[in-house]
Amino acid sequence: MRIATYNVNGIGARLPRLLDYLGHSGNDIVVLQEIKCQTDNVPVAALNDAGWQVAAHGQKGFNGVAILARTAITPTQTGLPGDDGDEQARYLEAEVAGIRLGCLYLPNGNPQPGPKFDYKLAWMERLNAHAAQLLALETPTVLLGDYNVIPTDATIDIARPAMMANDALTQPQSRAAFRRLLAQGWTDAIRTRHPHSPCYTYWDYQAGAWQKNWGFRIDHLLLSPAAADRLADAGVDADTRGEDKASDHAPAWVQLRAAT
DNA sequence: ATGCCCCGCGCGGCGGGA
């Protein structure tokens with residue numbers, strides 16, 4: 001079971017690239033962030049024709065998440081619990097083939113300090129509360145997406161830490177909230193499989209960042225204990241970032257063994 | 001020392017991204 005997370009930066013502009021990726025990457029499940037369209041405008045027919053079931057939670061112009069799967073999708077949660085006034089489409093959860101998937105697009109939080117950073121930190125607290133409830137289910141669960149947190153300043157997580165020192169993605173509060181999430185008992189699949197290698201998932205469009213490999217790691221796949229028991233491999237489909245009309249993110253993935 | 005680039009919206013540049 002190969003499961004990937006891919007921030008597409010606009011499903012409209014990315015559809016040819018996305019369909020190409022879906023066709024050759026060998027995934028069974030692909031979750032998307034930043035589809036940037038209303039739920040009704042997701043190109044469901046084109047995805048169905050390519051052999052993918054679709055569940056989506058969108059909004060006009062910004063944000064938006066989706067779950068694509070080769071087999072049936074059973075939605076379990078739309079929107080992150082904990083704030084009925086939150087209108088931003090950043091969380092979608094479903095069960096596919098006996099695995100619970102939480103697809104998330106965590107707020108960027110810039111500029112910091114400020115209300116957007118406050119929203120990010122509040123969102124992370126809500127995520128941590130919901131994640132604890134997911135762990136209590138003891139179902140194999142993958143909590144994956146664009147976390148907008150660079151876990152450390154080490155070269156394995158970021159090529160040029162000084163460039164991001166004042167960014168919301170590297171602040172101690174952001175990192176501490178991410179560490180608290182991991183400490184609940186989640187396994188960072190990519191870092192577990194690649195403890196010493198850079199595994200960047202994002203390269204800025206500007207300044208030739210891709211060509212210089214000035215990237216960082218913000219797309220994460222967190223495994224519950226029951227999922228971590230089945231961890232076979234994990235990585236980043238970095239070649240996707242070098243294609244024409246690429247997103248600024250590359251897909252990150254995990255391979256899980258069959259249930260025993 | 002600064003800005004570079006891309007997306008959606010919608011037709012003029014702007015908000016948002018990271």
Side-chain angles (χ1 to χ4, degrees), chain A residues 5-19 21 32-43 46 56-66 86-91 103-121 123-124 127 144-175 177-178 198-220 236 238 240-252:
Chain A
T5 177
Y6 185 15
N7 181 321
V8 292
N9 187 18
I11 199 171
R14 209 66 58 220
L15 190 57
R17 177 89 286 117
L18 173 62
L19 289 170
Y21 177 72
L32 308 178
Q33 300 85 36
E34 285 207 86
I35 61 173
K36 293 188 174 180
C37 70
Q38 291 173 304
T39 304
D40 289 345
N41 292 341
V42 173
H57 175 39
Q59 70 179 93
K60 188 174 184 178
F62 307 105
N63 306 320
V65 286
D86 186 358
E87 303 289 334
Q88 300 192 29
R90 295 180 175 276
Y91 188 81
C103 166
L104 64 98
Y105 175 47
L106 206 147
N108 168 311
N110 284 307
Q112 72 80 29
K116 292 190 174 182
F117 191 57
D118 296 341
Y119 173 67
K120 175 181 191 141
L121 296 179
W123 204 95
M124 295 186 83
L127 176 65
L144 72 171
D146 178 356
Y147 281 73
N148 271 321
V149 175
I150 302 168
T152 73
D153 271 347
T155 303
I156 56 174
D157 285 335
I158 178 168
R160 308 274 291 182
M163 291 176 67
M164 297 291 286
N166 296 315
D167 195 282
L169 280 59
T170 65
Q171 293 313 296
Q173 301 99 310
S174 311
R175 287 174 166 166
F178 184 66
C199 295
Y200 306 147
T201 66
Y202 172 90
W203 295 259
D204 201 293
Y205 286 121
Q206 301 183 67
W210 166 250
Q211 287 76 10
K212 299 176 199 165
N213 197 26
W214 287 359
F216 45 77
R217 187 172 79 98
I218 50 175
D219 299 272
H220 308 302
V236 179
T240 305
R241 179 63 182 83
E243 304 277 3
D244 288 339
K245 296 288 290 179
S247 170
D248 40 6
H249 294 250

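We name chains A, B, ... by the order of the sequence lines, and we start the count at 1 in each one.
Judged as a salt bridge (charged side-chain N to carboxylate O under 4.0 Å, His left out), and not counting sequence neighbours, Asp167(A) has no contacts. Contacts of Tyr147(A) classified as ring-ring contact (aromatic ring centres under 6.0 Å, His included), with partners at least two apart in sequence or in another chain: Phe178(A), His220(A). Not counting sequence neighbours, Trp214(A) has no partner by the ring-ring contact (aromatic ring centres under 6.0 Å, His included) test. Residues forming a ring-ring contact (aromatic ring centres under 6.0 Å, His included) with His57(A) (at least two apart in sequence, or on another chain): none.
Distance check on atom P: dG13(B) versus dT2(B) gives 26 Å, rounded to whole Å. Comparing dA1(B) with dC14(B), their P atoms sit 28 Å apart, to the nearest whole Å. Rounded to a whole angstrom, the distance from the P atom of dG16(B) to that of dG10(B) is 15 Å. Annotation: dG12(B) and dG17(B) have their P atoms spaced 25 Å apart (nearest Å).
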Do nucleotides 7-13 of chain B as a string where each nucleotide becomes B, S or -: B if the base has a protein heavy atom under 4.0 Å, S if just the sugar-phosphate does, - if no protein is that close. BSS----

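At the heavy-atom level, Tyr105(A) lies under 4.0 Å from the strands shown only through sugar-phosphate atoms. At the heavy-atom level, Lys116(A) lies under 4.0 Å from the strands shown only through sugar-phosphate atoms. Using a 4.0 Å heavy-atom distance criterion, Arg90(A) is classed as a sugar-phosphate-only contact. In this structure, Asn166(A) reaches neither bases nor backbone, as no heavy-atom distance under 4.0 Å exists between it and the strands shown. Here Asp219(A) lies out of heavy-atom contact (under 4.0 Å) with every strand.
Taking the centre of each ring, Phe216(A) and Tyr200(A) stay at or above the 6.0 Å mark.
For the residue pair Asn213(A)/Trp203(A), the side-chain donor-acceptor check at 3.5 Å is satisfied.
Look at His249(A) and you'll find a side-chain N or O under 4.0 angstrom from OP1 or OP2 of dA18(B). In terms of phosphate contacts, Asn110(A) brings no side-chain nitrogen or oxygen within less than 4.0 Å of OP1 or OP2 of dA18(B).
In DNA chain B, runs of at least 3 consecutive Watson-Crick or G-U pairs, each pair with both distances below 3.5 Å, span B:5-9 with B:13-17.
The residue among Met163(A) and Asn63(A) whose nearest nucleotide of DNA chain B is located toward the 5' end is Met163(A). Comparing Gln206(A) and Asp248(A) by the nucleotide of DNA chain B that holds the closest heavy atom to each, the one mapping nearer the 5' end is Gln206(A).
Rounding to whole angstrom units, CZ of residue Phe117(A) and P of dG17(B) are separated by 14 Å. One can place OH of Tyr202(A) at 12 Å from C1' of dG16(B), the figure rounded to the nearest angstrom. Asp167(A) has its CG atom 16 Å from the P atom of dG16(B), to the nearest Å. Separating the CD1 atom of Ile150(A) from the C1' atom of dG17(B) is a distance of 14 Å, rounded to the nearest angstrom. dC6(B) atom P lies 15 Å from atom CH2 of Trp210(A), rounded to whole Å. In this structure, Leu106(A) places its CG atom 12 Å from P of dG17(B), rounding to the nearest Å. dG16(B) atom P lies 15 Å from atom CG of Asn148(A), rounded to whole Å. The distance between atom CD of Gln211(A) and atom P of dC4(B), rounded to the nearest whole Å, is 17 Å.
Open room surrounds CG on Asn166(A); 12 or fewer heavy atoms of other groups in view lie less than 6.0 Å from it.
In this structure a side-chain-to-backbone donor-acceptor pair under 3.5 Å is missing from Arg17(A) to Glu243(A). Using a distance-only test at 3.5 Å, with no hydrogens or angles considered, a donor-acceptor pair links the side chain of Ser247(A) to the main chain of Asn7(A).
Counting distance only, with no hydrogens placed and no angle test, the side-chain atoms of Asn108(A) and the base atoms of dA18(B) include a donor-acceptor pair under 3.5 Å.
Contact check for Leu106(A) versus Met124(A): side-chain heavy atoms found under the 4.5 Å cut-off.
Side-chain proximity of Leu169(A) to dG16(B), dC4(B), dA18(B): nearest is dA18(B).
Residue Gly58(A) comes nearest to Ile35(A) through the heavy atom pair CA-CD1, 4.2 Å, listed as atom of the first residue, atom of the second, then distance.
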